[in-house]
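Read the structure below first, then the notes.
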Amino acid sequence: MARFLTLADVAEELAVSVAQVRVLVRTGELPAIQVGGRNQWRVETTALEDYIQRQYARNRARIEAEHGS
């Protein structure tokens, strides 16, 4: 597996638009590095996996809060 993914690769993995991934990068929610020219962003595969795990944790916390568990 490649160390870095393009924003298009990340969008495909998450089944969202590239624009949505750009928002995640701009807000810092998904760490990325800028390489080369303008708008050339790369996301480490480990950063994407960390983001996914954080989303699972947020969802679990929300469900627990809603159901009082």
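If you read the sequence from its start, that first residue is 1, and numbering goes on from there.
Sorted by first and then second residue, the salt bridge (Lys or Arg N to Asp or Glu O under 4.0 Å) pairs with a member in residues 5-15 form an empty list; sequence neighbours excluded.
Here Phe4 is tied into one hydrophobic group with Ile33, Val35, each link being a pair of ILVMFWY side chains closer than 4.5 Å.
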Just list the side-chain donor-acceptor pairs under 3.5 Å for residues 48-58, sequence neighbours left out, or say none.
residue: Arg54; atom: NH2; partner: Glu29; partner atom: O; Å: 2.6
residue: Gln55; atom: OE1; partner: Arg58; partner atom: NH1; Å: 2.8
residue: Arg58; atom: NH1; partner: Glu29; partner atom: OE2; Å: 2.7

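Residues meeting the side chain to side chain contact (heavy atoms under 4.5 Å, CB included) test with Val18, sequence neighbours left out: Leu7, Ala8, Ala11, Arg22. Listed by chain and residue number, Arg3 satisfy the side-chain hydrogen bond (donor to acceptor under 3.5 Å, both in side chains) test with Glu44 (two or more places apart in sequence, or in another chain). Partners of Arg38 under the salt bridge (charged side-chain N to carboxylate O under 4.0 Å, His left out) rule, at least two apart in sequence or in another chain, do not exist in this structure. Residues that satisfy the side chain to side chain contact (heavy atoms under 4.5 Å, CB included) test with Gln20, not counting sequence neighbours, are Val16, Ser17. Residues meeting the side-chain hydrogen bond (donor to acceptor under 3.5 Å, both in side chains) test with Asn59, sequence neighbours left out: Arg62.
In this structure, CH2 in Trp41 is found 15.0 Å from CG in Leu5, a value given to the nearest 0.5 Å.
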